[in-house]
Amino acid sequence: MHPTDIIAPSKTLEIDALAKKLLSEGKDVINFTVGEPDFPTPKNIVDKAIEALQKGYTKYTDSNGIPQLREAISKYLKEKKNVEYTPDEIVVSNGGKQALFSAFSSVLCENDEVLMFSPLWVSYIPQVILTRAKPVVVQTKFENGFVPTKEEILSHITDKTKVILVNSPNNPTGGIYDRETLTTISQIANERNIFVISDEVYDDLVYDGKHISLYGLVKEELLIYVNAFSKSHAMTGWRVGYTATKNKEIKKRISKIQSHVSSNINTPAQYAAIEACNTDNSYMIQEFRKRRDLILKMAQEFGLEYVEPKGAFYLFFKVSGNDEEFCKELLSEKLVATVPGSAFEMPGFVRISFATSIEKIEEGMRRIREFLEHKH
Ligand code: PLP
């Protein structure tokens, strides 16, 4: 069987499409499925793309990304995140999504195993299957804050384990891994020479505590760091993400993959991303924090059970009964679109995105409350 016959289309995009269809029919839908900031891309960033177009920067570039962008990313990572990669260690890709696929493709051979922790983002399993490797899902526990324990990790490691995949801040839980957990994961990987792919695309969106990168914990030749401007700078449609690694062999492979699969990413978007490196996004983070606090206040009032989200823009709460049924009924009865936990390999939960206005959050949560009261 071909790998594409095993994978399903992205469930989140499917539900989002259904919600948008209902909206286009004039239905008053509150769409809590969206995985992107509702802010416009900052104007100074947009202006740089326009300027690039007007200057005629519309041709192929270095397929790794223009040197000025890789320099800007290198400086931005060092100054803002304390993560140090030279421009030569960075490859710019079409969003975090392609960066992740290149990272997987650069290390995995057929039947290699990739350890990943559920609940997990919808594209990880399909991407690993497409490389013909094998996803090994470690189910984390609600009681442990959806963070894997050492025993859970060790009991899934085999001699085929090639990669441990980590996503903190996490989609769909909004959780951030503490230093102890990250140290445990790093020690396990370092001792056994297992690669770590660290998806840190939500690292700017943290409301309590501090994001801790795996950079500096995992041995440098084993770490493939992935980030993107999509969530941090409201640039989802621009498709600018990147991998960074100090492993020269892996970097060479990622460059080759980029050059044959895509060539460079959209040229004007690269000029826009240089500007993003110098754009303050703290106003977005403040607004997300306000929304998170509101949604948690409402969720507490009507007794939802969840692990408090400290980052990203999601609330992942427990439901009684079948989560897919819950989401379907909530959409048809109350016109509130949410994503079932099964889409993230964690049935029995539902994800709400609070990347939407305060008014919509208030109205959507009011409808969820009515729905729950009516159900029970
Ligand atoms: N990683 C996680 C955890 C995500 O949630 C997403 C997008 O939803 C991505 C990566 C990919 O982001 P991009 O839009 O930059 O491809």
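As the structure lists them, so they are numbered: ligands from 1, and atoms in each ligand from 1. Sequential numbering from 1 along the given sequence is applied to the chain's residues.
- Residue Tyr124 has at least one heavy-atom neighbour below 4.0 Å for each of these atoms of ligand 1: 3 (C).
- Close approach to Val201 involves these atoms of ligand 1, each under 4.0 Å from a residue heavy atom: 1 (N), 2 (C), 10 (C).
- The single protein non-hydrogen atom nearest to atom 10 (C) of ligand 1 is Asp199 OD2, 3.4 Å, given as residue, atom name and distance.
- Contact annotation: for Phe229 versus ligand 1, there are no heavy atoms closer than 4.0 Å.
- In terms of N/O distances under 3.5 Å, ligand 1 is not approached by Asn167.
- The aromatic rings of Phe142 and Phe349 are tilted relative to each other, their planes meeting at an angle between 30° and 60°.
- Considering only heavy atoms from C-beta on, Arg291 comes within 4.5 Å of Ile358 through its side chain.
- Atoms CZ and CG, from Phe146 and Asn170 in turn, are 9.0 Å apart once rounded to the nearest 0.5 Å.
- Within the 3.5 Å criterion, the main-chain N or O of Tyr314 finds no donor-acceptor partner in the side chain of Ser353.
- For atom 16 (O) of ligand 1, the nearest protein heavy atom (residue, atom name, distance) is Arg239 NH2, 2.7 Å.
- Within ligand 1, counting atoms from 1 as listed, the ones closer than 4.0 Å to a heavy atom of Lys97 are 11 (C), 13 (P), 16 (O).
- Under a 4.0 Å criterion applied to the non-hydrogen atoms of Gly95, ligand 1 contributes the atoms 15 (O), 16 (O).
- Outside the 6.0 Å centre-distance limit, the rings of Phe302 and Phe317 are not counted as a close aromatic pair.
- Of the listed options Ser123, Gly96, Pro169, Ser168, Gly96 places a heavy atom closest to atom 12 (O) of ligand 1.
- Using a 4.5 Å heavy-atom threshold, the side chains of Lys297 and Asp293 count as separate.
- Here's the thing with Thr236: none of its N/O atoms is less than 3.5 angstrom from an N/O atom of ligand 1.
- In this structure, Glu36 falls outside the shell of residues with a heavy atom less than 4.0 angstrom from ligand 1.
- For atom 15 (O) of ligand 1, the nearest non-hydrogen atom of the protein is Ser230 OG, 2.5 Å.
- A donor-acceptor pair under 3.5 Å links the side-chain atoms of Asn167 to the main chain of Asp199, judged by distance alone.
- Short contacts between ligand 1 and Ala228, defined as distances under 4.0 Å to a heavy atom of the residue, involve ligand atoms 15 (O).
- Lys231 NZ, 2.9 Å is the protein heavy atom nearest to atom 7 (C) of ligand 1.
- Residues Leu296 and Pro309 are in side-chain contact: their nearest non-hydrogen atoms beyond the backbone lie under 4.5 Å apart.
- In the hydrophobic clustering of ILVMFWY residues, with side-chain heavy atoms under 4.5 Å counting as a link, Tyr60 and Trp238 come out apart.
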